[in-house]
2 protein chains.
Amino acid sequence: MARPRTFDEERALDAAMRAFWANGYEATSTQDLCEATGLGRSSIYNTFTSKHDLFRRALARYIDLMSVPQAEILEDAGRSGMERIRALFTRIVDTEYEYREDDGTSIGCLTVNTVVELARRDPEAAALIERDLDIRLGLLRVALDAGRRDGTITNRRDADALARFVNATIGGMRVSAQAGADRATLESIADTALDALRP
Amino acid sequence: MARPRTFDEERALDAAMRAFWANGYEATSTQDLCEATGLGRSSIYNTFTSKHDLFRRALARYIDLMSVPQAEILEDAGRSGMERIRALFTRIVDTEYEYREDDGTSIGCLTVNTVVELARRDPEAAALIERDLDIRLGLLRVALDAGRRDGTITNRRDADALARFVNATIGGMRVSAQAGADRATLESIADTALDALRP
DNA sequence: CAAATTTTGTACTGACCTGTCCAATACTTC
DNA sequence: GAAGTATTGGACAGGTCAGTACAAAATTTG
């Protein structure tokens with residue numbers, strides 16, 4: 001029927017996601033996006049409509065990419081509640097190191113970066129993140145309730161409070177990593193946070 | 001000798017700080033800075049050399065402004081160690097609400113915002129923040145050691161680990177606030193974090 | 001009051017920004 | 001192989017960016 005694309009849309013989206021993730025929304029120009037994806041301007045605008053739309057899709061993809069394995073961990077019936085939270089923290093640290101820049105510096109978490117840089121001015125991004133937060137808190141409550149039942153989590157605060165605390169701890173780990181904290185420090189923060197769950 | 005300035009440099013710096021704080025470095029144009037400070041371009045460039053220099057001074061001022069009362073709290077010999085950490089958390093929540101936008105949304109913490117948006121690309125800003133972090137961690141260790149001695153802090157991890165945990169918790173609270181958490185949620189996160197100090 | 005000096009407003013510069021346009025290209029289907 | 005159609009590259013457009021130039025204004029000192 002017509003000339004087909006010579007690029008893979010998903011790969012391009014991944015490259016754009018990575019660019020926004022590492023450099024932020026404002027500091028990533030459309031030229032940067034062309035170079036990161038290997039596409040020309042026409043292909044980018046033809047496929048993704050606008051920089052803002054591309055960002056929205058990149059953020060949505062990031063959220064999907066991260067939330068699936070995290071949900072698996074938090075719903076893993078083979079682990080105690082406490083072990084699920086611990087495994088989640090471990091995964092946060094691992095991904096934090098999996099996706100660093102070549103110079104070894106942390107690029108943090110696109111969700112956190114977007115909350116801080118953009119969410120106040122971008123209702124669409126804020127909505128994506130808010131929905132993800134609701135889901136994430138729900139999954140955390142599942143694991144925390146399981147821990148309460150299996151006896152590994154003895155803190156008497158309600159599951160919602162604990163879930164928000166765990167979530168905040170993850171945010172704090174992300175910021176600490178971007179501020180230069182090494183692996184041992186991040187693990188130490190996580191371990192200390194776990195202390196709060198069995199006081 | 002010559003024509004004097006009609007504006008107060010410190011007030012202008014405060015206004016610029018506020019603009020960077022609320023909108024980030026990239027999204028704040030020099031035009032925005034003129035409007036925020038009430039100065040013309042000439043006055044801004046004459047006084048502050050460049051946008052980047054102005055930002056550096058604004059960040060330094062922010063750090064000074066915040067660290068002084070926080071140091072007072074953490075070194076307050078009239079309080080137990082645990083009470084000092086609790087008071088610090090309270091102060092974080094209070095300032096979080098003292099400096100909101102007119103629409104009620106949080107502008108977070110300029111230090112956290114800068115770590116996330118800029119620090120990887122701006123060594124000067126990163127250095128300012130790193131120095132502040134060292135001081136902050138030192139002050140936290142002072143309070144935590146005091147708590148260990150007075151019996152209010154019983155967690156057996158070393159003071160550095162606890163200090164980094166408390167610091168990360170503050171970062172997490174800041175991110176949570178920008179993601180929309182209300183006062184009760186922030187207080188709940190802080191209270192849960194305190195549980196970790198006496199497990 | 002005049003000279004010296006700094007501030008201030010305005011216009012300007014060149015670069016870069018996002019997004020569009022269009023012709024050339026390449027592929028599919030008939 | 002021809003017709004039709006979507007993709008592609010590159011030039012282009014209008015606006016905004018940080019920063020500069022310069023002359024007019026304002027104030028102090030002599």
Side-chain angles (χ1 to χ4, degrees), chain A residues 1-59 113-114 117-118 121-125, chain B residues 1-60 110 113-114 117-125:
Chain A
M1 196 108 103
R3 181 178 179 181
R5 283 182 182 156
T6 58
F7 66 92
D8 180 44
E9 184 170 326
E10 203 166 74
R11 289 177 73 87
L13 186 55
D14 278 344
M17 176 189 81
R18 173 77 195 203
F20 283 128
W21 187 0
N23 304 313
Y25 179 78
E26 302 286 355
T28 304
S29 69
T30 53
Q31 184 58 35
D32 294 334
L33 292 166
C34 290
E35 285 160 23
T37 59
L39 308 191
R41 305 182 74 70
S42 292
S43 300
I44 287 202
Y45 276 91
N46 193 26
T47 312
F48 301 107
T49 308
S50 69
K51 177 183 171 181
H52 183 260
D53 250 52
L54 175 50
F55 177 77
R56 203 176 42 70
R57 286 196 54 186
L59 176 60
N113 298 358
T114 303
E117 189 200 344
L118 205 63
R121 277 173 287 137
D122 184 339
E124 284 192 62
Chain B
M1 194 102 112
R3 181 177 177 180
R5 283 181 182 156
T6 58
F7 66 91
D8 180 44
E9 185 170 326
E10 203 166 74
R11 289 177 75 87
L13 186 55
D14 278 344
M17 176 189 81
R18 174 76 194 204
F20 283 127
W21 187 0
N23 303 314
Y25 179 78
E26 302 287 353
T28 304
S29 68
T30 52
Q31 184 58 36
D32 293 334
L33 291 166
C34 290
E35 284 159 24
T37 59
L39 308 190
R41 302 182 77 69
S42 293
S43 300
I44 287 203
Y45 277 91
N46 193 26
T47 312
F48 301 107
T49 309
S50 70
K51 178 184 172 182
H52 182 261
D53 250 52
L54 175 51
F55 177 77
R56 201 176 42 70
R57 286 195 54 185
L59 176 59
L110 180 56
N113 298 358
T114 303
E117 188 200 345
L118 206 63
R120 252 197 43 251
R121 278 173 288 135
D122 184 339
E124 284 192 62

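Lettering follows sequence order; numbering is per chain, from 1. As the structure is a computational prediction, the values presented were derived from the model and not from experiment.
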Novice: For A:R5 and B:K51, find the nucleotide of DNA chain D closest to each by heavy atoms; which residue's nucleotide sits nearer the 5' end?
Specialist: A:R5
Novice: Rounded to whole angstroms, how far apart are CD on A:E35 and C1' on C:dC16?
Specialist: 13 Å
Novice: Does any donor-acceptor pair link the side chain of A:R41 with the base of C:dG19 at a separation under 3.5 Å?
Specialist: yes
Novice: With side chain to side chain contact (heavy atoms under 4.5 Å, CB included) as the criterion, how do A:L59 and A:E124 come out once you've worked through the C-alpha distance, each side chain's angles and the decisive distance to 0.1 Å?
Specialist: CA-CA 10 Å; A:L59 176 60; A:E124 284 192 62; over 6 Å; no
Novice: In whole angstroms, how far is the P atom of C:dC17 from the CD atom of A:E26?
Specialist: 12 Å
Novice: Check the distance between D:dC17's P and B:Y45's OH and give it to me in whole angstrom.
Specialist: 11 Å
Novice: Using only side-chain N and O atoms of B:S43, determine if any of them is under 4.0 Å from OP1 or OP2 of C:dT7.
Specialist: no
Novice: Could you tell me the separation between the CD1 atom of B:I44 and the C1' atom of D:dA21, rounded to a whole number of Å?
Specialist: 18 Å
Novice: Let me know the distance between CG of B:N46 and P of C:dG9, rounded to the nearest Å.
Specialist: 12 Å
Novice: Could you give the CG-to-C1' distance, from B:D32 to D:dG19, as a whole number of Å?
Specialist: 16 Å
Novice: Where is the tightest heavy-atom contact between A:N23 and B:R120, given as atom of each residue plus distance?
Specialist: OD1-NH2, 3.8 Å
Novice: Verify the distance criterion only: is there a donor paired with an acceptor across the side chains of A:N46 and A:S43 at less than 3.5 Å?
Specialist: no
Novice: Quick test of your reading: applying side-chain hydrogen bond (donor to acceptor under 3.5 Å, both in side chains), list the pairs with at least one residue in residues 8-19 of chain B, sequence neighbours left out, ordered by first then second residue.
Specialist: B:R5-B:E9, B:E9-B:R57, B:D14-B:R61, B:R18-B:E101
Novice: What class does the angle between the rings of A:F20 and A:F55 fall in, given that below 30° is parallel, 30 to 60° is tilted and above 60° is perpendicular?
Specialist: perpendicular
Novice: Tell me: CZ of B:F48 to P of C:dT7, nearest whole Å?
Specialist: 12 Å
Novice: If you go through the side-chain atoms of A:S42, does one of them form a donor-acceptor pair with the base of D:dG9 closer than 3.5 Å?
Specialist: yes
Novice: Starting at OH of A:Y25 and ending at P of C:dC17, how long is that distance when rounded to a whole Å?
Specialist: 13 Å
Novice: Would you indicate what A:T49 reaches in the nucleic acid, counting non-hydrogen atoms under 4.0 angstrom: base, sugar-phosphate, or nothing?
Specialist: nothing
Novice: Do the side-chain N or O atoms of B:S50 get closer than 4.0 angstrom to the phosphate oxygens (OP1, OP2) of D:dA18?
Specialist: no
Novice: So, is A:S29 close to the C:dC17 phosphate, meaning a side-chain N or O under 4.0 Å from OP1 or OP2?
Specialist: yes
Novice: Across the strands shown, which category fits A:F7 at heavy-atom distances under 4.0 angstrom: base, sugar-phosphate, nothing?
Specialist: sugar-phosphate
Novice: Within the structure shown, what part of the strands sits under 4.0 Å from A:T47 by heavy-atom distance: base, sugar-phosphate, or nothing?
Specialist: nothing
